[in-house]
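Everything on this sheet refers to the single structure shown next.
Side chains are part of it too, since the values below use all heavy atoms of this structure and drop only hydrogens, waters and symmetry mates. Whatever order the structure lists them in is the order used to number ligands and atoms, beginning at 1.
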Amino acid sequence: MNIIDGKQLAANLRAEIAAGVKALKEEKGITPGLAVILVGNNPASVSYVTAKEKACTEAGMYSREIRLPETTTEEELVKLVKDLNVDPAIHGILVQLPVPKHIRDKAVIDAIAPEKDVDGFTPINVGKMLIGEKCFLPCTPHGIIKLIEFSGMDIKGKHAVVVGRSNIVGKPVAVLLARKETNATVTLCHTGTPDIARFTKEADIVVVAAGRPNTVTGDMLKPGAVVIDVGVNRIPDDTKPKGFRLVGDADFDSCAKVAGAITPVPGGVGPMTITMLLWNTLKSANG
Ligand code: GUN
């Protein structure tokens, strides 16, 4: 059994990205700039945006951190995004989701200029991805494809089962896996699927992004399957300094006994999401 080291793959790619940033500065005098907006102080979101900003700076990019109070209005946030759309120092705009309930995700995402949408969340980029046009691919799904390839599996012709149909992960990863380049056969399971195990037992690749611990356990897997665990769940644990530990959506111990390869949580998908964000920001700055 192989533990797929997301940190290692991320480090390899970030070295390439840093070299690309250096070259762009030297050749064209352009420093890629990423604006990261966080509204409110949801603890998980604070930790994600801090990691994104740090990675951005480490790659030699310009990171503009914008922290706004929970009471920010939709109009204020949309106005800020529109200002960033025309700011020449900014090549990528990321609004950390979820935003507070009084703000509509859709209003904010629709305000982002597609050419600065390094999350790949705008309808234009989602649509282009679906029909196979050049676009910003969403970071977590793109990172997942890289992780499966890094595990040594040739995706072509394999059966991939995706568990979860979110707009951020489940739906787009199903689309990417089914593209001609990757050529997997894809089954998309969700909360309306009566017997998920029936499908995962047939899968060569299982991507679990359900937002719930123990969604996939070892008895639900075919021996040798590659398991990509997208879950990040905080479980209260007094023995840990922060008072919690992180677990994924797959039960790691039982899955590791059956799988051929599996991503750990933390240290699997998370570092790759951030890496693909840097990738898109560099791509945007390159024009
Ligand atoms: N919330 C959870 N994942 C993501 C992500 O990839 N981008 C943004 N903006 N918000 C998120």
Side-chain angles (χ1 to χ4, degrees), residues 6 10 13 33-56 63-68 70 72 74 77-78 80-81 84-85 90-101 103-114 116-126 129 135-147 162 164-176 207-212 228-234 246 248-249 263 265-266 268-281 283-284:
L13 289 170
L34 175 68
V36 179
I37 305 168
L38 173 62
V39 186
N41 44 23
N42 173 299
S45 292
V46 170
S47 117
Y48 297 147
V49 301
T50 306
K52 287 171 185 177
E53 289 155 357
K54 180 165 170 275
C56 193
S63 160
R64 189 179 301 168
E65 299 152 27
I66 303 165
R67 310 279 167 114
L68 300 172
E70 186 82 24
T72 305
E74 185 177 294
L77 186 55
V78 166
L80 171 66
V81 168
L84 292 166
N85 283 344
I90 298 299
H91 303 92
I93 301 170
L94 180 145
V95 181
Q96 186 66 29
L97 300 177
V99 286
K101 283 198 187 65
I103 302 176
R104 292 166 301 157
D105 288 6
K106 180 180 156 48
V108 180
I109 292 170
D110 284 351
I112 301 171
K116 293 193 180 183
D117 171 30
V118 287
D119 255 332
F121 286 174
T122 57
I124 292 280
N125 279 310
V126 175
M129 175 189 67
C135 63
F136 291 119
L137 295 180
C139 304
T140 302
H142 193 187
I144 290 169
I145 302 294
K146 298 259 176 214
L147 283 164
V162 177
R165 62 176 149 190
S166 68
N167 288 339
I168 292 183
V169 185
K171 277 190 265 183
V173 83
V175 169
L176 291 185
V207 177
V208 52
R212 189 174 57 106
I228 306 293
D229 188 350
V230 188
V232 187
N233 303 291
R234 293 184 172 200
L246 290 180
D249 289 351
T263 56
V265 177
V269 173
M272 284 305 294
T273 294
I274 299 178
T275 302
M276 302 329 289
L277 174 71
L278 301 178
W279 173 300
N280 281 347
T281 305
K283 184 170 145 179
S284 175

Taking all non-hydrogen atoms of both residues into account, name the closest pair between Ala113 and Asn85 and its distance. N-OD1, 3.0 Å
What are the two closest non-hydrogen atoms of Thr122 and Ile112, and how far apart are they? CG2-O, 3.6 Å
When every non-hydrogen atom of Ala55 is compared with those of Leu278, the smallest separation belongs to O-CD1, 3.8 Å
As a test of reading the model: which residues have a non-hydrogen atom less than 4.0 Å away from ligand 1? Lys52, Leu94, Val95, Gln96, Leu97, Asp119, Phe121
Flag yes if more than 12 heavy atoms outside Arg234 fall under 6.0 Å of its CZ atom; otherwise flag no. yes
Heavy-atom check, side chain of Cys139 versus side chain of Lys52, under 4.5 Å: no
Flag if over 12 foreign heavy atoms under 6.0 Å of CG, Leu97: yes
